[in-house]
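The structure appears below as structure tokens.
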Amino acid sequence: MSAAAAVASAIRPIVICGPSGTGKSTLLKKLFTEYPDKFAFSISHTTRAPRPGEQPGVSYHFTSRESFLDLVKAEGFIEHAEFSGNLYGSSVQSVNDVTRSGKMCILDIDTQGVKLIKKNHPSLNPLYIFISPPSIASLKTRLTGRGTETESSMNSRLQAAIGELEYAKQPGSFDLVVVNDGLERAYGVLKGVIVEGKREGDELPKFEN
């Protein structure tokens with residue numbers, strides 16, 4: 001049994017997915033603040049450079065492409081993907097660290113990662129939750145407001161978002177959808193699902209590409 005398979009048999013994580021700029025980080029920050037002893041992130045590895053304010057080992061495990069690919073060969077990732085020339089992955093070690101702490105592991109990944117988990121580690125059987133923007137226009141506004149995107153990266157993120165939304169529309173892709181059309185309302189839905197065990201989410205809005 002591989003290390004990844006051993007983790008898969010021992011945990012049932014929550015997978016949070018959604019386009020960049022949908023407010024996933026803000027929603028999860030509220031959840032962690034209210035329930036500091038219940039949840040923890042699996043800290044992902046990435047080959048991209050840190051952004052202002054990001055701390056190694058807290059925001060991400062920042063690493064070189066060579067070291068990342070070495071870990072891929074060693075089956076050290078539950079899932080990994082490439083976006084805009086950078087590699088991202090959820091490592092076996094990071095998930096184990098959360099499990100040993102006694103907290104519920106939350107994985108914040110994209111749809112490529114979701115597909116890899118479903119294909120390669122079905123025994124994980126996580127709860128898949130998709131965080132959706134209310135519209136593509138609102139997503140563009142949020143990304144613009146960051147002040148960190150170039151025209152090229154903006155277009156890449158919007159195209160990626162459209163692809164993720166198309167995948168989310170497919171039956172069985174996600175267990176639940178949370179539309180972040182207002183922070184408090186969306187948080188209430190997310191909290192109800194994760195903390196209170198409710199199984200009622202939103203329907204994906206219709207988008208005009």
Side-chain angles (χ1 to χ4, degrees), residues 14-29 41-72 76-91 94 106-120 128-170 173-174 177-181 183 186 190 202 204-209:
I14 296 171
V15 169
I16 302 290
C17 183
S20 178
T22 54
K24 289 179 297 179
S25 296
T26 302
L27 288 168
L28 290 173
K29 183 177 180 180
F41 274 125
S42 165
I43 301 173
S44 298
H45 285 61
T46 183
T47 59
R48 74 161 172 78
R51 292 173 180 159
E54 290 184 332
Q55 300 178 35
V58 178
S59 304
Y60 283 96
H61 294 299
F62 296 99
T63 187
S64 68
R65 176 173 285 265
E66 181 180 9
S67 295
F68 190 103
L69 293 176
D70 284 344
L71 197 54
V72 171
F77 288 110
I78 290 174
E79 59 80 29
H80 59 89
E82 184 166 2
F83 178 74
S84 296
N86 295 308
L87 296 166
Y88 298 83
S90 302
S91 73
S94 291
I106 291 184
L107 296 165
D108 180 2
I109 60 178
D110 66 5
T111 52
Q112 290 184 63
V114 169
K115 293 173 185 177
L116 283 170
I117 290 176
K118 289 187 174 186
K119 178 182 178 181
N120 299 324
Y128 292 99
I129 301 176
F130 187 79
I131 308 297
S132 170
S135 67
I136 293 295
S138 68
L139 181 60
K140 185 174 182 178
T141 298
R142 291 177 185 178
L143 289 171
T144 302
R146 285 179 172 180
T148 60
E149 305 295 334
T150 64
E151 182 177 354
S152 176
S153 65
M154 173 73 77
N155 289 335
S156 293
R157 290 194 182 280
L158 290 176
Q159 287 303 311
I162 290 169
E164 289 189 283
L165 290 161
E166 287 299 321
Y167 175 70
K169 291 177 185 177
Q170 298 177 22
S173 297
F174 293 91
V177 171
V178 178
V179 178
N180 190 5
D181 52 5
L183 179 60
L190 184 66
D202 300 319
L204 275 170
K206 295 185 178 183
F207 296 97
E208 294 182 5
N209 297 344

**Q.** Results of side chain to side chain contact (heavy atoms under 4.5 Å, CB included) for Ala168 - residues two or more places apart only
**A.** Phe130, Phe174, Leu204

Q: Please answer whether the main-chain N or O of Ile43 pairs with a side-chain N or O of Ser94 as donor and acceptor at a distance below 3.5 Å.
A: yes

Q) To the nearest 0.5 Å, how far apart are CD1 in Ile78 and CG in Leu107? A) 6.5 Å

Q: Specify the closest pair of heavy atoms between Ala49 and Glu54, including all atoms of both residues, with the distance to one decimal.
A: O-OE1, 4.4 Å

Q. Roughly how far apart are Phe68 CZ and His80 NE2, rounded to 0.5 Å?
A. 6.5 Å

Q | Residue list, side chain to side chain contact (heavy atoms under 4.5 Å, CB included) with Leu27, at least two apart or on another chain | A | Ile131, Asn180, Leu183, Ala186, Tyr187, Leu190

(Q) Do Phe77 and Leu116 have side chains that approach each other closer than 4.5 Å (heavy atoms only, starting at C-beta)? (A) no

Q) Under 4.5 Å between any side-chain heavy atoms of Val179 and Pro205, yes or no? A) yes

Would you be so kind as to tabulate the donor-acceptor pairs closer than 3.5 Å made by side chains of residues 133-140, with sequence neighbours excluded?
unit_1	atom_1	unit_2	atom_2	d
Ser135	OG	Ser138	N	3.0
Ser135	OG	Ser138	OG	3.2
Ser138	OG	Ser135	N	3.3
Ser138	OG	Ser135	O	2.8

Q.
Side chains of Ser59 and Pro50, heavy atoms from C-beta outward: is any pair under 4.5 Å?
A. no

**Q.** Heavy atoms of other groups near Glu66 CD, more than 12 under 6.0 Å
**A.** no

Q | Gap between atom OG1 of Thr47 and atom CG of Asn86 - 0.5 Å precision | A | 4.5 Å

Q.
Is any side-chain heavy atom of Leu87 closer than 4.5 Å to one of Leu69?
A. yes

Q. Thr46: what forms a side chain to side chain contact (heavy atoms under 4.5 Å, CB included) with it, not counting sequence neighbours?
A. Arg48, Tyr60, Phe62, Tyr88

Q: First locate atom CZ of Phe41, then atom CG of Leu28, and finally report the distance between them rounded to the nearest 0.5 Å.
A: 4.0 Å

Q) Are the side chain of Thr111 and the backbone N or O of Glu164 linked by a donor-acceptor pair below 3.5 Å? A) no

**Q.** Approximate separation, where rounding is to 0.5 Å, of Gln112 CD and Glu79 CD
**A.** 9.5 Å

Q: Please check if the side chain of Lys24 supplies one atom and the backbone of Ile109 the other of a donor-acceptor pair under 3.5 Å.
A: no

Q. Has the side chain of Arg142 got a donor or acceptor atom that lies under 3.5 Å from a matching backbone atom of Thr22?
A. yes

Q: Could you check if a side-chain atom of Asp181 sits within less than 4.5 angstrom of a side-chain atom of Asp202, using non-hydrogen atoms only?
A: no

Q | Ser20 versus Leu143, closest heavy-atom pair with distance | A | O-CD2, 3.5 Å

Q | Rounded distance [0.5 Å steps], CG in Leu165 versus OG in Ser173 | A | 11.5 Å

Q | Residues that Ser84 engages under side chain to side chain contact (heavy atoms under 4.5 Å, CB included), provided they are two or more places apart | A | Ser156

Q) Partners of His61 by ring pair (Phe, Tyr, Trp, His ring centres under 6.0 Å), sequence neighbours excluded? A) His45

